[in-house]
Amino acid sequence: MEKKPPFNPGGPRPANSGGPRGQRRDPRQVKQAPNNINEHIRAREVRLVGDNVTPGIYSIHEARKIADELELDLVEISPNAEPPVCKILDYQKYLYQQKKKAKEIKAKSTKIVVKEIRFGPQTDDHDYNFKLKHAVGFLQEGAKVKAYVFFKGRSILFKEQGEVLLLRFANDLEEYGKVEQMPLLEGKRMIIMISPKKK
């Protein structure tokens, strides 16, 4: 049977004590936490910062007592400072916010999907309109559109016609996307890149 740690009058309250905001955590549950908190802070004195305290240097006993009175956690945010810098806050809420921020950053840096649309140099109106409709859908979904005209054999002689087609395509998509790269001939393909407009 596991022994309970002795009660420390100057330390934090048990996990289930406190009022509506006082969901203090059992220190054994946060041993793997990214920050040192409460009993796990080893410094004799710390520098307190934050909105809910008078900033300054406090003994670890005083700092824990203030955190306890506020029914919050004492969190070491700069362990290498002299003395270490601590904040008094709801640690679980803090971790949740950090996780949310990281998720938002990851979402913003997510690789953008590129959809390809292929034309022939003499694409008819029906085929053109069908592909234009698809391109509108792709741009609305947030994907980039890489449209190209493929020149087969002697059709390379129609490269000017291909350029006109791609510029017309970009113009028809003006409401949904912006041209990132003007028509450029690469081997047998003339390519244009269109990125979605930010909402």
Nearest heavy-atom neighbours spanning Leu74 and Ala63: CD2-CB, 3.8 Å
[Y] ring centre to [X] NZ or CZ under 6.0 Å, with the angle to the axis within 45°?
{"X": "Lys131", "Y": "Phe119", "answer": "yes"}
{"X": "Arg189", "Y": "Tyr148", "answer": "yes"}
{"X": "Arg168", "Y": "Tyr128", "answer": "yes"}

Pro183: side-chain contact (heavy atoms from CB on, under 4.5 Å) partners, not counting sequence neighbours: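 Only Glu163, Leu166, Leu167, Met190, Ile192 meet the side-chain contact (heavy atoms from CB on, under 4.5 Å) criterion with Pro183.
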For Pro55, all residues meeting side-chain contact (heavy atoms from CB on, under 4.5 Å), sequence neighbours excluded: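 Pro55 satisfies side-chain contact (heavy atoms from CB on, under 4.5 Å) with no other residue.
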His126-Phe130 aromatic ring centre distance below 6.0 Å: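 Distance test on ring centres: not under 6.0 Å, no.
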Within the distance-only criterion (no hydrogens, no angle test), does the side chain of [X] pair as donor or acceptor with the backbone N or O of [Y] below 3.5 angstrom?
{"X": "Asn129", "Y": "Asp125", "result": "yes"}
{"X": "Asp73", "Y": "Val75", "result": "no"}
{"X": "Lys152", "Y": "Gly120", "result": "no"}
{"X": "Glu141", "Y": "Phe138", "result": "no"}
{"X": "Tyr58", "Y": "Ile66", "result": "no"}

Phe151-Met182 co-clustered via ILVMFWY side chain contacts under 4.5 Å: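 Yes, Phe151 connects to Met182 through the hydrophobic network.
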